[in-house]
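No hydrogens, no waters, no symmetry mates; every other heavy atom, side chains included, goes into these values.
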Amino acid sequence: KVDHVLKVPIAKFKLASSDQEERTMIGDALEMVGLRVDETLGRYPHQLSGGQRQRIMVARALLLKPKVILADEPVSMVDASLRATILESIHKLNRELGISIMYITHDLTTAYQISDNILVLYRGSVAEVGEVGEVIKDPKHPYTQLLVGSIPHPDPHRRWGDESGSVVQSGEKTASGCKFADRCEAVMDVCWTDVPKRHQIDKHRVAACHLYEKSP
């Protein structure tokens, strides 16, 4: 039963001195993520929805009173109707308990909704870092621009593929410098040979791109 995944960390880390304290801790953790004790405990995983199971995992992490929660694609397998609920539960932990959240995702929409700052990676390297609103609304790195530009727009008159693509197809040429050089519309000779440094292009933004060599 789902009770097991909540009781194990309490027992393993000796978090409770009595059964009553254990029940109280579990109840508080479930309530924090929006679950009712009487509708959750005593059930098997298949008797709960995907959203409920995801929130049980968040509640489990809460039992340890962490300073940081690493949330790796926490809503990737959840119906769209439940994503907002789970994201609100995660945001609540930050807002009310002061827990820092490191949110890893391929979904820029949810990253924009939940994050204060964003770090965009391309093939394991930092492309752009900054305040999430600035990065998503006004991306500076060519990869971030391509990433944001790939978000579908609900416009029936806009045909798929109308957006401009990269001038060089990935894999046509190997770069020892910038990893994004073979897909970048702004590629220069230096991009193929020199790894770009990270440049602070404004007060709340850093981009690793040769386009900003004149920036500190």
Side-chain angles (χ1 to χ4, degrees), residues 1-133 135-136 147 198 204 206 208:
K1 298 178 181 179
V2 297
D3 308 40
H4 178 71
V5 299
L6 298 169
K7 291 181 177 180
V8 166
I10 293 177
K12 182 177 179 63
F13 294 98
K14 298 179 175 60
L15 302 177
S17 57
S18 66
D19 291 343
Q20 179 59 44
E21 187 178 359
E22 178 185 81
R23 287 192 293 270
T24 299
M25 290 184 66
I26 290 175
D28 290 344
L30 291 175
E31 184 179 345
M32 180 58 67
V33 297
L35 293 175
R36 292 169 58 95
V37 174
D38 57 339
E39 295 177 354
T40 306
L41 298 182
R43 296 192 179 192
Y44 292 95
H46 71 273
Q47 295 175 307
L48 300 173
S49 69
Q52 288 173 313
R53 293 197 295 267
Q54 286 281 53
R55 281 182 279 173
I56 287 173
M57 292 296 97
V58 177
R60 186 189 196 203
L62 279 182
L63 291 170
L64 298 177
K65 294 181 173 56
K67 293 182 179 179
V68 180
I69 289 181
L70 178 65
D72 190 352
E73 297 283 12
V75 294
S76 61
M77 302 297 289
V78 178
D79 291 343
S81 59
L82 292 172
R83 290 182 184 177
T85 302
I86 296 174
L87 290 174
E88 174 55 27
S89 295
I90 294 174
H91 195 205
K92 186 178 180 182
L93 304 181
N94 171 259
R95 187 174 62 245
E96 297 186 6
L97 300 181
I99 299 174
S100 297
I101 308 294
M102 182 176 288
Y103 181 70
I104 302 173
T105 185
H106 289 84
D107 186 347
L108 282 180
T109 302
T110 58
Y112 179 74
Q113 291 173 338
I114 197 173
S115 304
D116 295 317
N117 300 289
I118 189 169
L119 190 153
V120 180
L121 295 173
Y122 179 74
R123 292 173 58 189
S125 296
V126 174
E128 188 167 351
V129 186
E131 193 274 324
V132 67
V135 172
I136 300 301
L147 201 61
R198 298 174 194 171
H204 301 291
V206 169

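- In this structure the side chain of Leu87 reaches within 4.5 angstrom of the side chain of Tyr103, judged on heavy atoms.
- For the pair Ser100 and Asn94, the tightest heavy-atom approach, listed with the atom from each and the gap, is CA-ND2, 4.3 Å.
- Closest approach of Thr105 and Ala111 over heavy atoms only: CG2-CB, 3.9 Å.
- Within the 4.5 Å cutoff, the side chain of Val37 has no heavy atoms near those of the Arg23 side chain.
- A heavy-atom distance below 4.5 Å is found between the side chains of Leu121 and Val126.
- Checking Val33, Val75, Ile86 one by one against Gln54, the side-chain contact (heavy atoms from CB on, under 4.5 Å) holds for a single residue, Ile86.
- Annotation for Leu15 and Pro9: closest pair CD1-O, 3.9 Å, computed over non-hydrogen atoms.
- For the side-chain hydrogen bond (donor to acceptor under 3.5 Å, both in side chains) condition, no pair includes a residue of residues 1-15, sequence neighbours left out.
- Counting heavy atoms from C-beta outward, Arg198 and Val129 have side chains that stay 4.5 Å or more apart.
- Within a 6.0 Å radius of CZ in Arg95, more than 12 heavy atoms belonging to other residues, nucleotides or ligands are found.
- Side-chain contact between Gln52 and Val2 is absent, with no heavy atoms from C-beta onward closer than 4.5 Å.
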Donor-acceptor pairs under 3.5 angstrom involving side-chain atoms of residues 56-72: please list them, not counting sequence neighbours.
from	atom 1	to	atom 2	distance (Å)
Arg60	NE	Val5	O	2.8

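- Contact detail for Met25 and Ala16: the closest heavy-atom pair is SD-CB, 4.1 Å.
- Under a cut-off of 6.0 angstrom, the local environment of CD in Glu31 is sparse, with at most 12 non-hydrogen atoms contributed by other residues, nucleotides or ligands.
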